[in-house]
Number of protein chains: 2
Amino acid sequence: MVYNKTQKVKDKMEGRRERIVKAAREIFTEDSFQNMSIKAIAKKAGIATGTFYLYFTNKEALVETVVKEMYKELMGLIKTERSNYESVFDKLQASMEVCIKVFIREKGIARLLLKHFPEINMAFNNKFTEIEKDLINLVRIDLDELQEQGLIPLQNTSISATAFVGTFRQVILSWLQEGQPENLEEACQTLIQYNMRGLGKIS
Amino acid sequence: MVYNKTQKVKDKMEGRRERIVKAAREIFTEDSFQNMSIKAIAKKAGIATGTFYLYFTNKEALVETVVKEMYKELMGLIKTERSNYESVFDKLQASMEVCIKVFIREKGIARLLLKHFPEINMAFNNKFTEIEKDLINLVRIDLDELQEQGLIPLQNTSISATAFVGTFRQVILSWLQEGQPENLEEACQTLIQYNMRGLGKIS
DNA sequence: TCAAAAAATGAATACCCATTCACTTAACGA
DNA sequence: TCGTTAAGTGAATGGGTATTCATTTTTTGA
């Protein structure tokens, strides 16, 4: 005979799953991500290591969940902010500024989304790469539109978009790892200028 | 009593060290970066695994040696090429083109310098690899000079140099991982244009 | 040539973690 | 209430690999 879960149990399990994800987020986001082991995550979530495997098939699935969640949050903020503007240039600029703001507020997100984690496993790096591809593609769509509107000269928008994202990634990584530039928000303005000129913005 | 090594033994040991480095280089630059184990390196170098530790204190020291060697070679080529030009713009452009040429010829070097080494190193410290810092600094020096000569507008050359390197890094990584752009040499021209505009080159 | 010293060897060790599983505790429903 | 089923537990397992060390081989210098 099969027993049905009561609502109470369903709620408890749902809460537990959330606590696991939250614990993982906290650990992945910590400065020293030395022991992002299942044991450590389980401990922080207040469960036994074995229990973890009742909620996730393996570590990879957990990482994917965490990364996707963070990415979704970031994209949500970007979309909201973009809707406040009409011109594609403004939308593009708003996207960058939101990213920087989020990364300043939650360095851990920046670290997790922009860095690649060999500690985890090569397979996971593909997940991060996909996100980066996604970001680049978003920029490319904006650039295509700008090109159509004749607001930037004819160019390989795919390469330009990659370059564009590359400038941000490199500067943010430097900020994360070296603490330079000290003021990332100020640097953002420089970067916007750099990229607008780079794109050949006709003003 | 202490025995002195004869020249013959010194030579043999020196050669052995070189063979270890060579073997490591071959393995590190292979397509499948999976088994870069000491065992595999020792086997390729024709020595026992224990012997490795008579020549290097640990794996980290070996990786550092290999990376430094590759970097030195790359820098040598860049310096030689730069000496053929007078204008800083031309020197800058020549540097980029040499980098791209080397990376096309030896993908393994690109993979190790741009992707794997930062990953490996991350485990030991969170610092940017010295190499990347070095590259950025080289560009910054060029930019400072250009700025002094009034050939580019006033700007934070540190951030511009970081952005500059970031565009290349991102595009080369995409090329390595996604196979896009297909023609990296062509993309290099686009990137040069992007960055020259980004810097605000006065022409 | 030979005993001491150094170099070389590779199986054994040590370590780290993800994952499993025999067992305990809690929930279900007749 | 009680037998059955599901959830939870954490010590044990397994796999991978960097590093060590007891032993063997080679080199040195008298």
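It should be emphasised that the depicted structure is a prediction, and the values quoted were computed from it without experimental measurement. By convention in this document, chain letters (A, B, ...) are assigned in the order of the sequence lines, proteins followed by strands, and residues within each chain are numbered from 1.
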- Task: Considering only NZ, NE, NH1 and NH2 on the basic side and carboxylate oxygens on the acidic side, decide whether B:Arg105 and B:Glu73 come within less than 4.0 Å.
- Result: no
- Query: Whole-Å distance between C:dT9 C1' and B:Ile38 CD1?
  - Reply: 16 Å
- Item | Test item: side-chain donor near acceptor, B:Gln170 and A:Gln170, under 3.5 Å | no
- Task: Kindly point out which of D:dA18, C:dA30, D:dA7 is positioned nearest to the side chain of A:Met13?
- Result: D:dA7
- Query: Looking at B:Glu18 and B:Lys22, does any basic side-chain N land under 4.0 Å from a carboxylate oxygen?
  - Reply: no
- Message: Without decimals, in angstroms, what is the distance between A:Lys5 NZ and D:dG8 P?
- Response: 9 Å
- Message: Using whole Å, what does the distance between atom C1' of nucleotide D:dA6 and atom NZ of A:Lys8 come to?
- Response: 14 Å
- Item | Separation of A:Glu64 CD from A:Thr57 OG1 (nearest 0.5 Å) | 9.5 Å
- Message: I need the CD1-P distance between A:Ile20 and D:dA7, as an integer number of Å.
- Response: 13 Å
- Message: So, OP1 or OP2 of C:dA8: does either fall under 4.0 Å of a side-chain N or O from B:Arg16?
- Response: yes
- Measure from NZ on A:Lys39 to P on D:dG8 and round the result to the nearest Å. 20 Å
- Item | Carboxylate-amine/guanidinium contact B:Glu30 B:Lys44, below 4.0 Å | yes
- Item | Contact list for DNA chain C against residues 41-57 of chain A - heavy-atom distance below 4.0 Å | A:Gly50, A:Tyr53
- Rounded to whole angstrom units, what separation is found between the CD1 atom of A:Ile27 and the P atom of C:dC17? 12 Å
- Whole angstrom value for the distance that separates C1' of D:dA7 from NZ of A:Lys12: 7 Å
- Query: Between D:dA18 and B:Lys59, is there an OP1 or OP2 to side-chain N/O distance shorter than 4.0 Å?
  - Reply: yes
- Donor-acceptor pair under 3.5 Å: do we get one between B:Tyr3's side chain and the base of D:dT28? yes
- Query: Can you find a heavy atom in the side chain of B:Phe164 that is under 4.5 Å from one in the side chain of A:Thr167?
  - Reply: no
- Item | Euclidean distance, atom CE of residue B:Met36 to atom P of D:dG16 [Å, nearest integer] | 17 Å
- Would you say a side-chain N or O of B:Asn4 is under 4.0 Å from OP1 or OP2 of D:dT28? no
- Would you tell me whether B:Arg111 and B:Thr29 have side-chain atoms, one donor and one acceptor, within less than 3.5 Å of each other? no
